[in-house]
**Student:** 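Take this structure, written in structure tokens, and hold onto it; I'll ask about it next.
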There are 2 protein chains.
Amino acid sequence: MPEIDPWGDVEVGDYSQKMQDFGIDPIEDVENKMPDNYLIRRGIIFGHRGLDKFLEAKEKGKDVAMMTGIMPSGVFHFGHKSVVDQILMYQEMDAQITITAADIEAYNTRDISLEKSRELVIEEYLKNYVALGLDLDKTDFYFQSEGGNNYHLRSKQFAKHLTQNEVEATYGSAAPGKITSALTQYSDILRPQFKENGGPKPVVVPVGVDQDPHIRLTREVARKYRDADYYKPASTYHKFMRGLQGGKMSSSDEKSYIALTDSPEDALMKIDQAKTGGRDTLKEHREKGAKIEEDMVFELLTFHLIRDDNELKQIREEYASGEMLSGELKQIAKEKLSEFLVEHQEKRKEAGPIVKQYLKER
Amino acid sequence: MPEIDPWGDVEVGDYSQKMQDFGIDPIEDVENKMPDNYLIRRGIIFGHRGLDKFLEAKEKGKDVAMMTGIMPSGVFHFGHKSVVDQILMYQEMDAQITITAADIEAYNTRDISLEKSRELVIEEYLKNYVALGLDLDKTDFYFQSEGGNNYHLRSKQFAKHLTQNEVEATYGSAAPGKITSALTQYSDILRPQFKENGGPKPVVVPVGVDQDPHIRLTREVARKYRDADYYKPASTYHKFMRGLQGGKMSSSDEKSYIALTDSPEDALMKIDQAKTGGRDTLKEHREKGAKIEEDMVFELLTFHLIRDDNELKQIREEYASGEMLSGELKQIAKEKLSEFLVEHQEKRKEAGPIVKQYLKER
């Protein structure tokens, strides 16, 4: 799938097959109307469904919105940061930004109390979001548990347009906790189109491919709901950064991620231990060059630490040719990471009072 | 089951078996603590579960509540009136009265729009309720669609405490529309115990035996919910008046019921056509007397038109002995009915502005 992964920097996996199976279009089809953003240039966002309508409306100066959710599940790490980078892209496009904190879903499916969710969302997510550049004053942020009467009412009405079969096929069972979570998410996704939020408009939801069945069902519900003329939500699909050791990045495996609140010392240690694409011997490395696709440090640079394409390209060439060693690559990453974390954590401190004030004034 | 049907006026059906199956206690067990009400004396309310705790709390001067729902499904007839008579009994006991209009349920399971539900509830139910004696100022009346954020939030949290199996066993399927309706009803039933309504207290819900599985599941949910210490709701069980032609009274069969908004002329015609327990010939009637249990006119007198036990007893004796003919019984019923309807419809007119004002001020 070279056409949607021009840099070859990011693991492609079986995305190509999934795109065919699900009917996801390559992002290239609409790239000329999208902002010139590294997420798209580097193939991190690789596919979409229905984004053309969103972009057409935007071109015509009409209202558009992007919607995403926070599932409170531990510390905020670089895997989560990709979502924020996408939010910022749409914020720059002047899309309405809607962010829900999925505390009802966490309660029903992960046994996390509403209070615990609130704490996690504020400390781990909101403060980091603001530090990364989210403008809360232009954002509709809310907890699902405080979504309001109409928000909950809509989610209950959406139930009418779902069958037990659809639910079981999409979510694996028709357990009430799962159904309730799904219905609440439909309200989240359609919320920017509620009358009180300015009425129907194109909305985009950035997701991973694994969430596509859920998106398709939401589109069906939007289509069938007759009490309002909602646009079917558009979606984009992004790749997930792998864990530092290779494999999945997971909140339950501390060595797999770097949290944005990790001390620089701890973070640099994790770089030292990260899986690289270096060869077994210096001789072999110089001859064959690094296996870039298997290098988690290079993946971190690509996803997060280097925004300048030329800089990344040069490193890639030197590393792939064997001129640069894994240790040298790690040294570059450590310097960038250290600088990023120090600066970010300073901004996060400043974000604290901003978040507090925002939640107070809502 | 003579001990719970002392008057023998009301069809017993297979209630006895159901009581055993479901573990419903005879109302006699707590009758001495209940008000002296014809609904109990005549065995119309015949069973209960957990009402002893409710009555004990009441005796100690503590807060108690009764909760019931309105399913908007056409005209308000004498079958519905029995529920109002029960509300009035609890109103006289100074219980908090909570009445929900089940417009979400009607939307999801009967395809009735929220607007249509609202109209039906006001015209057919609320105005008649007030005409019959409901004191709206002491009532927490609300539409499910306007139950408020916390009300909906609770119903979603209750989903955590239900399995798909329980839902399928109780409601026949795990269709999202059914699950949503059931969860919303749990919030209705537990609403009098919400913090904003004074916190946990004994609540009674009058139902028909067919709704018992639903009540039992609500009790389970109340027990399992850990974010508040709710009392498990108590319930009473009442008999249903049969249709005028015998068989089921049904909103979809106009001849089976008398609406409280029927013109006296129309209503009297229905009495003329009602099924009686009279014998085939005058001779046989005089010899054997009427079959009281099969007489729908006598049932109407028992359930609604005669409040004086002695008067009803005397009619029963004369009719059962053959001294009174079906035509004579009908004549009595027609006079009582005519008088009732004229007076009620006058009161209903006066109730109009009261209901309007109440809904405006909420």
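Values below: every heavy atom of this structure, side chains too, minus hydrogens, waters and symmetry copies.
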**Student:** Evaluate the ring planes of A/His152 and B/His152, with Trp represented by its six-membered ring, and classify them as parallel (under 30°), tilted (30 to 60°) or perpendicular (over 60°).
**Tutor:**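 Correct class here is tilted.
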**Student:** Does atom CD of B/Glu254 have more than 12 heavy-atom neighbours from other groups under 6.0 Å away?
**Tutor:**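 Result for CD/B/Glu254: open.
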**Student:** So for B/Asn165, is it side chain, backbone, both, or neither that comes closer than 4.5 Å to the heavy atoms of chain A?
**Tutor:**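 Neither part.
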**Student:** Report which part of B/Glu166 has an atom under 4.5 Å of a heavy atom belonging to chain A: side chain, backbone, both, or neither.
**Tutor:**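 Contact with chain A involves no heavy atom of B/Glu166 at all.
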**Student:** At what distance, to the nearest 0.5 angstrom, does OG of A/Ser113 lie from CZ of B/Arg226?
**Tutor:**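 With rounding to 0.5 Å, OG (A/Ser113) is 14.0 Å from CZ (B/Arg226).
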**Student:** Where on B/Thr163 is there a heavy atom nearer than 4.5 Å to chain A: the side chain, the backbone, both, or neither?
**Tutor:**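 Just its backbone gets close to chain A.
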**Student:** I'd like to check B/Ser155 versus A/Lys156 (side-chain heavy atoms, cut-off strictly below 4.5 Å). Are they in contact?
**Tutor:**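 Yes. Closest side-chain heavy atoms under 4.5 Å.
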**Student:** Using a cut-off of under 4.5 Å for heavy-atom pairs, which of A/Asn150, A/Thr180, A/Asn108 has the most such pairs with chain B?
**Tutor:**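 If we count pairs closer than 4.5 Å to chain B, A/Asn108 comes out on top.
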**Student:** I'd like to verify something: which residue of B/Asp111, B/Val167, B/Thr109 has the highest number of heavy-atom pairs under 4.5 Å with chain A?
**Tutor:**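 Max contact count across the listed options: B/Asp111.
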**Student:** Look at atom NZ of B/Lys201 and say whether more than 12 heavy atoms of other residues, nucleotides or ligands are closer to it than 6.0 Å.
**Tutor:**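 More than 12 within 6.0 Å, yes.
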**Student:** If you draw a 6.0 Å radius around CG in B/Asp210, do more than 12 non-hydrogen atoms from other residues or ligands fall strictly inside?
**Tutor:**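 Yes - once you tally the heavy atoms of other residues, nucleotides and ligands closer than 6.0 Å, there are more than 12.
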**Student:** Output the option from A/Thr184, A/Ile179, A/Leu153 having the highest count of non-hydrogen pairs under 4.5 Å with chain B.
**Tutor:**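 Highest number of pairs under 4.5 Å: A/Leu153.
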**Student:** Output yes when a side-chain donor or acceptor of B/Asn149 lies under 3.5 Å from a complementary backbone atom of A/Ser145, and no otherwise.
**Tutor:**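 Indeed, once roles are kept as given, a pair shorter than 3.5 Å links the two residues.
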**Student:** Return the minimal non-hydrogen interatomic distance between A/Tyr107 and B/His161, and the atom names on each side.
**Tutor:**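 Heavy-atom minimum between the residues: OH-NE2, 4.0 Å.
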**Student:** Counting neighbours of NZ on B/Lys138 that are heavy atoms of other residues, nucleotides or ligands and sit closer than 6.0 Å, is the number greater than 12?
**Tutor:**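 For B/Lys138, atom NZ is not crowded (no more than 12 foreign heavy atoms under 6.0 Å).
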**Student:** A/Gly147, A/Ala175, A/Ala174: which one forms the most heavy-atom pairs within less than 4.5 Å of chain B?
**Tutor:**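 Of the candidates given, the most pairs with chain B belong to A/Ala174.
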